[in-house]
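Take a look at the structure set out below.
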Amino acid sequence: MTSVRVEPSSKVSTADVIVDWYAGAARNLPWRRPDVDAWAVLVSEVMLQQTPVARVEPVWRDWTVRWPTPADLAAATPAEVIRAWGKLGYPRRALRLREAAAAIVERHDGVVPRAVPELEALPGVGTYTARAVACFGYGSPQPVVDTNVRRVVARLVHGQAEAGNARTADLADIAALAPPEPERAVRFSVATMELGALVCVAGAPRCGVCPVRDRCAWRLAGSPAHTGPPRRVQKFTGTDRQVRGRLLDVLRAAAHPVPASELDATWADAVQRSRCLDSLLTDGLVEQTDDGLFRLPQ
DNA sequence: GAAACGTGGTA
DNA sequence: TTACCAAGTTT
């Protein structure tokens with residue numbers, strides 16, 4: 001009689017376990033549909049920088065319908081993209097995305113480049129985003145390291161409760177786990193991010209449902225608490241970021257240029273208010289008309 | 001390498 | 001209510 005050979009779990013590669021888990025656990029996010037092109041992927045990746053998926057989804061749908069190609073976005077005004085960005089936060093990303101679109105039109109014939117160095121040369125595109133676009137937009141087997149992946153590697157490989165700051169070695173760490181087949185390597189990249197986003201989360205990891213709990217260095221070490229300096233969380237209340245946000249909020253909502261007096265109500269401290277308005281002007285998020293009124297750049 | 005850069009949900 | 005955190009990049 002024949003017998004089924006069951007390999008010990010340790011013989012199954014960690015990458016295969018994570019990829020197989022992803023097949024059954026992946027969220028159905030719109031930018032993961034197979035017909036989504038590299039431009040729409042780039043838009044999603046920039047929007048997702050420091051902004052949760054739930055808030056990105058509706059805005060991404062609007063953008064990809066309104067500006068389906070880089071040339072379309074390059075032809076839009078800053079005011080249009082700033083308004084369409086809504087309240088995703090860090091609105092300089094919207095300007096940079098428009099600048100990236102213009103660079104794609106000028107330097108790449110309107111086609112999102114495939115090569116990581118060319119992607120990284122685009123405004124607002126750094127190490128993470130360049131690899132994410134190459135990998136998810138073009139199916140290139142790039143190692144992709146975001147905050148989720150760094151946390152998974154910190155625990156699974158290094159036995160640490162938390163990831164430290166981003167390091168150059170992060171790319172090598174995840175590349176060492178990646179499967180050799182290009183298509184599986186792409187799945188592995190998105191699957192590792194998903195594992196960090198859904199299971200190996202920052203606050204209270206759901207180790208009970210983790211597919212690699214039996215081989216996680218952190219778990220095997222008894223889930224030791226984080227040692228070392230606590231990560232400082234950035235303040236928001238009272239900062240220039242808050243003030244800038246309020247100023248821009250007024251200008252986004254205004255149908256016409258507004259006088260400075262209309263901005264006074266946003267923040268009591270006139271010195272800080274003025275500094276923030278200046279910085280918005282410098283950033284190209286606001287412009288002043290000839291008669292001294294303020295508006296989003298036309 | 002540290003600090004700046006928005007916003008809102010969750011515990 | 002305060003604190004943490006969310007697919008980073010730029011200076």
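The chains referred to below are lettered A, B, ... by the order of the sequence lines, with proteins before strands, and numbering in each begins at 1.
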Sequence-aligned protein contact record of nucleotides 2-11 of chain B, with B where the base is within under 4.0 Å of a protein heavy atom and S where only the sugar-phosphate is: -S-BBBS---
A/Q160 and A/W218 side chains, donor-acceptor separation under 3.5 Å: no
Whichever of A/K235 and A/F136 has its nearest DNA chain C nucleotide further upstream toward 5': A/K235
Between C1' of C/dT9 and CD of A/E99, the distance in whole Å: 13 Å
A/Q288, A/E287, A/H256 screened by side-chain hydrogen bond (donor to acceptor under 3.5 Å, both in side chains) with A/R295, the one that passes: A/E287
Near-strand residues of residues 260-278 of chain A, defined as heavy-atom separation under 4.0 angstrom from DNA chain B: none
Test item: side-chain donor near acceptor, A/T14 and A/R215, under 3.5 Å: yes
Evaluation steps, side-chain contact (heavy atoms from CB on, under 4.5 Å), between A/R219 and A/C207: CA-CA 8 Å; A/R219 274 220 116 201; A/C207 300; 3.5 Å; yes
Within 6.0 Å of CZ in A/R66, more than 12 heavy atoms from elsewhere: yes
Minimum-distance nucleotide (side-chain atoms of A/R96 versus C/dT10, C/dA6, C/dA7): C/dT10
From OG1 (A/T192) to CG (A/L156), nearest 0.5 Å: 9.0 Å
Distance, C1' atom - from C/dA6 to B/dG6, rounded to whole angstrom: 12 Å
Whole angstrom value for the distance that separates P of C/dA7 from CH2 of A/W60: 18 Å
Distance, rounded to the nearest Å, where A/L95 contributes CG and C/dT9 contributes P: 17 Å
Separation of atom CG in A/L171 from atom P in C/dA7, rounded to whole Å: 17 Å
5' precedence on DNA chain C between A/M193 and A/E120 (nearest-nucleotide basis): A/M193
Distance, P atom - from B/dA11 to C/dA7, rounded to whole angstrom: 15 Å
SB check A/E183 A/R187 (cutoff 4.0 Å): no
Aromatic contact, A/W67 with A/W39 (centres under 6.0 Å): no
Salt bridge (charged side-chain N to carboxylate O under 4.0 Å, His left out) partners of residues 220-230 of chain A, not counting sequence neighbours, each pair once: none
